[in-house]
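Okay, so here's the structure we're looking at.
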Amino acid sequence: MGATRKLKGYKPTKFKAKDSYYDKASADFAVNFIECLCHTKGTWAGKKFELIDWQEQIIRDLFGVLKPNGYRQFNTAYIEIPKKQGKSELAAAIALLLTCGDGEERAEVYGCAADRQQASIVFEVAADMVKMCPALAKRVKILASQKRIIYLPTNSFYQVLSAEAYSKHGFNIHGVVFDELHTQPNRKLFDVMTKGSGDARMQPLYFLITTAGTDTKSICYETHQKAKDILEGRKIDPTFYPVIYGADEGDDWTDPKVWKKANPSLGITVGIDKVKVACESAKQNPGEENAFRQLRLNQWVKQAVRWMPMDKWDACAADIDPESLRGRVCYGGLDLSSTTDITAFVLVFPPTAEDDRYIVLPYCWIPEDNIPLRVNRDHVPYDVWERQGHLMTTEGNVVHYGFIEAFIEELGKKYNIKEIAFDRWGAVQMSQNLEGMGFTVVPFGQGYKDMSPPTKELMKLTLEKRLAHNGHPVLHWMMDNVFIRTDPAGNIKMDKEKSTEKIDCAVATVMALDRAIRCGGGTESIYNERGIIVL
């Protein structure tokens, strides 16, 4: 592929763990193995597989970044790119590398897709690659009728699985290549192939490669969201390798610069003229726009969009000294969630002057014994936040509500807490206890009627920079997790089910803000001063 440029000045991925290292010899071996293969289709058929820069980066990261014990750091790779970028060729090459070049005795490598026919696409490419490579051809047996490739020196195999594979167990997996993950009708096959199936192997690799889909309830979107969370720093998982090429939501889909950003192989595996023709057709026929966005620009055309623009939220960060607020009037919002989850209490201080801002102080608790489990399961840095003092713990494996009540009581001695809004569900006992301490507690519904006005106002205050927060990382994370549900009348509320992760602190902020707006400073509610924008 003479039109490509070889990767120069390679730098290991930013997702390399601190104790891992880049082994150039291992990476070189993987690259050289693949580049001994040949392309099998179209104008490239019979030509050496010279990796394109983005492909070589992936290969070097996956096979060259090793743990201290010498085994690979990454065991799951999620590669999301538009169509015609060379997905099938790359997937087939990796399947052969895992089967024939990984030094694994009796390696079991499986090719999976929505159906056997789709999975056979990668198999056929792999089989043709074997036939075109003399060194492999004399060591490999191809059973075309069974869709099976056997590497005789180690008795390893690459096998296409049928759609009914999820009903079979007992796999001892060294590698899985999932082609077009977005077409999976459910998560059954994915779970069987990835949940514990490679535990007996030292370095299994689950290679997931796909174009964006349309179903935001699918296993692919779930994995896509995890990849985005890791790429954008919301989650940490040193075993998961994320790559997403695509246009951003606000990009102009008709701009050739956007096409280039989304298509790393543009001008190599697919000509810009082909994309231009598809774009012009979509302009003329609006019904084709979504298909163009999905297939050519790799956009989830029906995906929900995170609600809060985090650059605007970050612009409201301020150096807030809690001691300077001593004695100030404020209002609280309490979201208890469940006894094993995060509990959030947020104070909002209303403005005391015309040019003052609403000040937000958040407090969060989690059961102490649950932290290691949740860090490993959710890949969220609860332990780091706890060490930094941003997340408090209560003893045991459930939230100790008595500890939180005592904490709020102490806050009441420091600040003039006029009211505390609480979710009626699950907080009755604590509300009664707080009431017994002298606090005024106000039940707060979680439906559109109560939640919509302050939720919209939170956005408006953020956009106008009339809100101030201390950059609290837990609140930042939760605010970034928020997805919104809208009713036919245009009312909105934060949706815990639809949101990607926990949003308890964001919900508590909305409740506290509502009370601060309605009652703060003895002035007329700003709900009545002007209309609330519809977002």
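Excluded from the calculations below are hydrogen atoms, water molecules and symmetry mates; all remaining heavy atoms, backbone and side chain alike, are included. Treat the numbers as computed from the prediction; the structure is a model and nothing was measured.
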Does a salt bridge link [X] with [Y], judged by any charged N lying under 4.0 Å from a carboxylate O?
{"X": "Lys87", "Y": "Asp179", "answer": "no"}
{"X": "Asp480", "Y": "Arg234", "answer": "yes"}
{"X": "Asp251", "Y": "Lys257", "answer": "no"}
{"X": "Glu35", "Y": "Lys48", "answer": "no"}
{"X": "Glu289", "Y": "Lys283", "answer": "no"}
{"X": "Arg60", "Y": "Glu56", "answer": "yes"}
{"X": "Arg72", "Y": "Asp102", "answer": "yes"}

Atom pair [atom1]/[atom2] of [X] and [Y] - distance to nearest 0.5 Å:
{"X": "Ile492", "Y": "Thr486", "atom1": "CD1", "atom2": "OG1", "value": "6.5 Å"}
{"X": "Leu475", "Y": "His469", "atom1": "CG", "atom2": "NE2", "value": "7.0 Å"}
{"X": "Trp477", "Y": "Ile503", "atom1": "CH2", "atom2": "CD1", "value": "10.5 Å"}

task: Give the ring-plane orientation class for Phe292 versus Trp259, where under 30° counts as parallel, over 60° as perpendicular and anything between as tilted.
output: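 Rings of Phe292 and Trp259: perpendicular, as their planes differ by over 60°.
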- request: Would you please classify the geometry between the Tyr22 ring and the Tyr10 ring as parallel, tilted or perpendicular, with 30° and 60° separating the classes?
  value: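 Tilted: the ring planes of Tyr10 and Tyr22 meet at 30° to 60°.
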Within the 3.5 Å criterion, strictly below it, is a donor on [X] or [Y] matched to an acceptor on the partner's side chain?
{"X": "Glu105", "Y": "Asn155", "result": "no"}
{"X": "Glu80", "Y": "Asn298", "result": "yes"}
{"X": "Thr40", "Y": "Glu89", "result": "yes"}
{"X": "Gln294", "Y": "Asn290", "result": "no"}
{"X": "Arg201", "Y": "Asn172", "result": "yes"}
{"X": "His224", "Y": "Trp300", "result": "yes"}
{"X": "Asp61", "Y": "Tyr241", "result": "yes"}

message: Could you tell me if the side chain of Gln184 sits less than 4.5 Å from the side chain of Phe178, heavy atoms only?
response: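 Yes, side chains in contact.
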Has [X] got a side-chain atom pairing as donor or acceptor with [Y]'s backbone, closer than 3.5 angstrom?
{"X": "Ser218", "Y": "Tyr221", "answer": "yes"}
{"X": "Thr76", "Y": "Thr239", "answer": "no"}
{"X": "Asp255", "Y": "Asp252", "answer": "no"}

Which pair of heavy atoms, one from [X] and one from [Y], lies closest together, and at what distance?
{"X": "Tyr448", "Y": "Lys493", "result": "CE2-CG, 3.7 Å"}
{"X": "Tyr71", "Y": "Asn69", "result": "N-OD1, 3.0 Å"}
{"X": "Ala247", "Y": "Val258", "result": "CB-CG1, 3.5 Å"}
{"X": "Cys505", "Y": "Met478", "result": "N-SD, 3.1 Å"}
{"X": "Phe63", "Y": "Ala30", "result": "CB-CB, 3.7 Å"}
{"X": "Glu180", "Y": "Thr183", "result": "O-OG1, 2.7 Å"}

- prompt: So, for Tyr158 and Tyr151, is the gap between ring centers shorter than 6.0 Å?
  reply: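 No: the rings miss the under 6.0 Å criterion.
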field: Pair Tyr110 + Phe123: ring centers closer than 6.0 Å
entry: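 Centroid separation for Tyr110 and Phe123: 6.0 Å or greater.
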- request: Only pairs at least two apart or in different chains count here, so list each side chain to side chain donor-acceptor pair (under 3.5 Å) that has a residue in residues 123-138.
  value: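 Sorted pair list: Glu124-Lys147.
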